[in-house]
Amino acid sequence: MELKIGRAIIKKGLEVLYEYSDVDVAIVGAGPSGLTAARYLAEKGFKVLVFERRFSFGGGIGPGGNMLPSIVVQEEALPILRDFKVRYQPAGDGLYTVDPAELIAKLAAGAIDAGAKIILGVHVDDVIFRGDPPRVAGLLWIWTPIQMSGMHVDPLYTMAKAVIDATGHDAEVISVAARKVPELGIQLPGEKSAWSEVSEKLVVEYTGKVAPGLYVTGMAVAAVHGLPRMGPIFGGMMLSGKKIAEIVAKDLAE
Ligand code: 48F
């Protein structure tokens with residue numbers, strides 16, 4: 001039996017890694033923005049891979065608001081909640097409360113059912129770049145437990161026509177690209193202190209392309225464009241994910 005279990009895992013696991021070593025879109029981060037983008041891109045027929053460092057989905061959704069089991073979404077994002085069949089309750093002033101566990105489960109199920117592949121336990125380490133002027137052409141990654149061990153193990157590669165940084169507050173992929181490929185001309189001012197109303201709008205407005213082949217969504221937008229942070233309101237994250245899916249789909253179609 002052990003022989004059969006082991007061989008089934010090795011065969012399928014390696015097949016998946018082989019198949020997804022070349023994709024249309026690689027998304028880093030399975031938080032609200034990354035999962036939303038994954039669903040809308042996969043639904044349009046693109047081959048989408050999401051890398052997530054943890055062995056779980058959801059990014060910042062799980063802790064809710066300061067560990068209370070509720071998060072807030074504003075009216076503008078309700079069509080996205082309906083697409084994912086997420087239930088919500090009115091909280092007044094155009095705000096709605098959502099159960100964080102339900103949001104995580106349904107965003108992930110929506111992305112997977114649309115055809116996106118999510119690989120958990122992967123730390124994205126660096127970008128691959130090509131050409132002069134340069135464009136981002138893929139990612140370097142290692143398994144998170146190896147990264148956490150601090151031992152030097154060479155990474156593996158994933159080639160992608162578009163890379164989306166959905167890593168949240170630290171914009172990790174764009175940070176490394178800005179530092180190691182200065183020819184991309186990326187400035188990274190970092191996010192500002194909280195002003196929720198303004199940041200919810202600006203994060204969506206500034207969602208977009210950062211350099212050829214490299215895009216940003218979610219809280220990483222605030223880090224890249226020096227915008228204020230918000231808190232446990234998630235409508236802007238999902239609206240940003242949907243917007244980046246439309247931008248990338250348009251660019252890839254050209
Ligand atoms: O942080 P996260 O939820 O990002 P988001 O989609 O949403 C932000 C909100 O959760 C919240 C907020 C607004 O409401 O302030 O913070 O912008 O999800 C980011 C995911 O990316 C993973 C990380 O584990 C998390 O699940 N991640 C970060 N860096 C890497 C990574 C990396 N280098 N490689 C792989 N995954």
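Atoms within a ligand are numbered from 1 in the order they appear, just like the ligands themselves.
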Option with minimal heavy-atom separation from atom 30 (C) of ligand 1, where the choices are Arg53, His123, Glu52, Met238: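 Considering heavy atoms of Arg53, His123, Glu52, Met238, the nearest to atom 30 (C) of ligand 1 sits in Arg53.
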
Closest to atom 32 (C) of ligand 1 among Ile119, Ile233, Val124, Val72 (heavy-atom distance): Val124

Min heavy-atom dist Met230 to ligand 1 below 4.0 Å: yes

What about [X]: any of its N or O atoms under 3.5 Å from an N or O on ligand 1?
| X | value |
| --- | --- |
| Gly34 | no |
| Ala30 | no |
| Gly60 | yes |
| Val28 | no |
| Ile61 | no |

For [atom], what's the nearest protein heavy atom and its distance?
| atom | value |
| --- | --- |
| atom 4 (O) of ligand 1 | Gly168 CA, 3.4 Å |
| atom 6 (O) of ligand 1 | Ser33 OG, 2.7 Å |
| atom 17 (O) of ligand 1 | Met219 N, 2.8 Å |
| atom 9 (C) of ligand 1 | Phe234 CE2, 3.7 Å |

Does [X] come within less than 4.0 Å of [Y], counting only side-chain N to carboxylate O?
| X | Y | result |
| --- | --- | --- |
| Asp99 | Arg87 | no |
| Lys201 | Glu205 | no |
| Glu254 | Lys250 | yes |
| Lys243 | Glu246 | no |

Close side-chain approach of Phe57 and Ile118, heavy atoms under 4.5 Å: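 Sidechains of Ile118 and Phe57: in contact.
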
Lys209 side chain near Asp251 side chain, heavy-atom distance below 4.5 Å: yes

I'd like to know whether [atom1] of [X] has more than 12 heavy-atom contacts from other residues, nucleotides or ligands below 6.0 angstrom.
| X | atom1 | answer |
| --- | --- | --- |
| Gln187 | CD | no |
| Lys180 | NZ | no |
| Glu197 | CD | no |
| Tyr96 | OH | yes |
| Glu2 | CD | no |
| Tyr206 | OH | no |

Would you mind telling me if ligand 1 is within reach of the side chain of [X], the backbone, both or neither, using heavy atoms under 4.0 Å?
| X | answer |
| --- | --- |
| His169 | side chain |
| Asp125 | neither |
| Glu172 | side chain |
| Val122 | backbone |
| Met237 | side chain |
| Pro232 | neither |

Heavy-atom contacts with [X] under 4.0 Å: which atoms of ligand 1 show up? List them by number with element.
| X | value |
| --- | --- |
| Gly231 | 13 (C), 14 (O) |
| Arg54 | 24 (O) |
| Gly31 | 3 (O), 6 (O), 18 (O) |
| Ala166 | 19 (C), 20 (C), 21 (O) |
| Gly29 | 20 (C), 21 (O), 22 (C) |
| Gly218 | 17 (O) |

Thr217 side chain to Thr207 side chain, donor-acceptor N/O pair below 3.5 angstrom: no

Partner of Val23 under side chain to side chain contact (heavy atoms under 4.5 Å, CB included), chosen from Met159, Lys47, Lys117, Lys161: Lys47

